[in-house]
Protein chains: 2
Amino acid sequence: MSKKEALLKAAENKVRLGGYSNFSFRELACEVGIKSASVHYHFPTKADLGAELAHQYTDSFLAALGEPSELKASGKNPIDVYTQLFRRALVTDKKMCLCGLLGAESDSLPDKVRLEVKRFFNQNLTWLSAAHLTNGEPNPAQAAIQTVSLLEGAMMISKTLDDNSYFELATQ
Amino acid sequence: MSKKEALLKAAENKVRLGGYSNFSFRELACEVGIKSASVHYHFPTKADLGAELAHQYTDSFLAALGEPSELKASGKNPIDVYTQLFRRALVTDKKMCLCGLLGAESDSLPDKVRLEVKRFFNQNLTWLSAAHLTNGEPNPAQAAIQTVSLLEGAMMISKTLDDNSYFELATQ
DNA sequence: GTAAAATTATCGACCAGTAGGTAGTTATTT
DNA sequence: AAATAACTACCTACTGGTCGATAATTTTAC
């Protein structure tokens, strides 16, 4: 793993626990074994780092999902696959969804970071609409926003109350 | 309004836009017209201020709801009343739910603040369970966590995408 | 084939600004 | 006299960011 990748990974862990202001260049640098000045070589500003982090997070999230039509074709319910990805983030990583947390503090984010968080939700809503459509839902757009809202909310409350059974109950 | 009340009000605005780290004693002091050192007279530490803020937020939130049984008795659906309170926070205040934002960054909060955020959700779940029970829901506890999850999630996404129609679609 | 030039990735030293917090003082009110 | 509510002045720690320097590597030119 390159230093740049290591920096992004370290930043992801911090942001998913406490938001955009929960990481500093010094901390990240220390964790990957370089000096804080060197972080600016890879990311000119903190906003650049945050934006690239959210962009990559979105890409790998969507990539992990696959295509709704293909999931359906192989006998899976794409909504279950989507739910599973959130469950994994909560249970395995024991952390919030990166863009869920950043979205909540959206108003105080640098423009280029906020833009990437918007991109995450737009792409998720598109994916979910397609998924609900293949499921024969009468109103796919409505089902899509309800699905992602429920999951983000359940995740946040389970984290807050430190009890994953709330997530299970909400998604059951 | 006393200085102390004004400080809490100013802090609430800041936190609801960008989380716990989005306010400083200096900013608050400046906004209410005192010096930052004087803020420590009212709140010894930042954690004390944050905890009292979350505590009062919870109390006034619950007070604004009223009792589920009384709402039902006066011909209202308590879940609609609950939804309206969230809608007002989003549409009128144009801000996140204080405890929704703090809950997301729960892991990085001082203990006494996190405790107050937990109290918010525990009290909300109790209220919602009672409300769903009076509505004759077969599983009030499940309906309760689903209601609050959907609302917190829809609120966050509507804020992120800067479009309240997502909230309307999700709650419709 | 090699010398010169450019690129990559790092460093130490430093900057102005801000953070939360403390000590001791002063004025006002009870 | 005592409690309340503010002040000035200061502290240490940390923030994101900039500067010029330095090796090591890679590319280009002759």
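Sequence lines set the chain letters: A, B, ... in the order given, protein chains first and strands last, and positions in each chain run from 1. Here the structure is a predicted model, which is why all the values come from computation and not from measurement.
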**Prompt:** Going 5' to 3' along DNA chain D, which nucleotides are the first and last within contact of chain A (any atom under 4.0 Å from a heavy atom)?
**Reply:**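 Result: D:dT15 to D:dT18.
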Give the residues of residues 4-16 of chain A touching DNA chain C, defined as any heavy atom closer than 4.0 Å, sorted by residue number.
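The answer is none.
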Can you list, in residue-number order, the parts of residues 19-31 of chain B that come under 4.0 Å of DNA chain C, counting heavy atoms only?
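Per residue number, the list reads B:Phe23, B:Ser24, B:Phe25, B:Arg26.
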What is the minimum heavy-atom distance between [X] and [Y], and which atoms define it?
X	Y	answer
B:Lys95	B:Arg16	O-NH2, 3.5 Å
B:Val113	B:Ala47	CG2-O, 3.5 Å
A:Gln123	A:Leu62	OE1-CG, 3.6 Å

Are any side-chain N or O atoms of A:Arg26 and backbone N or O atoms of A:Ser36, one a donor and one an acceptor, separated by less than 3.5 Å?
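Pair absent, no side-chain N/O of A:Arg26 close to backbone of A:Ser36.
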(request) Report yes or no: does A:Lys46 contribute a side-chain atom to a donor-acceptor pair with the main-chain N or O of A:Tyr20 at less than 3.5 Å? (result)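 Judged by distance alone, yes, a pair lies under 3.5 Å.
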For the pair B:Trp127 and B:Tyr82, name the ring-plane relationship: parallel under 30°, tilted 30 to 60°, perpendicular over 60°.
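If you compare the ring of B:Trp127 with that of B:Tyr82, the planes turn out parallel.
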Exercise. Give the ring-plane orientation class for B:Phe61 versus B:Phe120, where under 30° counts as parallel, over 60° as perpendicular and anything between as tilted.
Key: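 Perpendicular.
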Mind listing the N/O atom pairs, protein and nucleotides 22-30 of chain C, below 3.5 Å?
none

[X] [atom1] - [N] [atom2] separation (whole Å):
X	N	atom1	atom2	answer
A:Tyr41	C:dT7	OH	C1'	7 Å
B:Phe43	C:dG20	CZ	P	14 Å
A:Lys35	C:dG12	NZ	P	5 Å

Contacts of type side-chain hydrogen bond (donor to acceptor under 3.5 Å, both in side chains), residue B:Gln172, not counting sequence neighbours =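 Partners of B:Gln172 by the side-chain hydrogen bond (donor to acceptor under 3.5 Å, both in side chains) criterion come out as none, since no residue qualifies.
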- Message: I want to check something: taking the side chain as every heavy atom from C-beta on, are B:His42 and B:Glu52 in contact at a cut-off of under 4.5 Å?
- Response: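 No, side chains not in contact.
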4.5 Å side-chain heavy-atom contact, B:Arg119 and B:Leu115
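Side-chain contact under 4.5 Å: no.
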| For residues A:Thr45 and A:Asp48, is any side-chain donor paired with an opposing acceptor at under 3.5 Å? |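 Yes, A:Asp48 and A:Thr45 have a side-chain donor paired with an acceptor closer than 3.5 Å.
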query: Passes side-chain contact (heavy atoms from CB on, under 4.5 Å), A:Leu128 versus A:Ile79? Steps please.
result: CA-CA 7 Å; A:Leu128 281 169; A:Ile79 302 304; 3.8 Å; yes
Worksheet item: Please, which pairs that meet salt bridge (Lys or Arg N to Asp or Glu O under 4.0 Å) have at least one residue in residues 147-160 of chain B, sequence neighbours excluded?
Response: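 For residues 147-160 of chain B: A:Asp107-B:Lys159.
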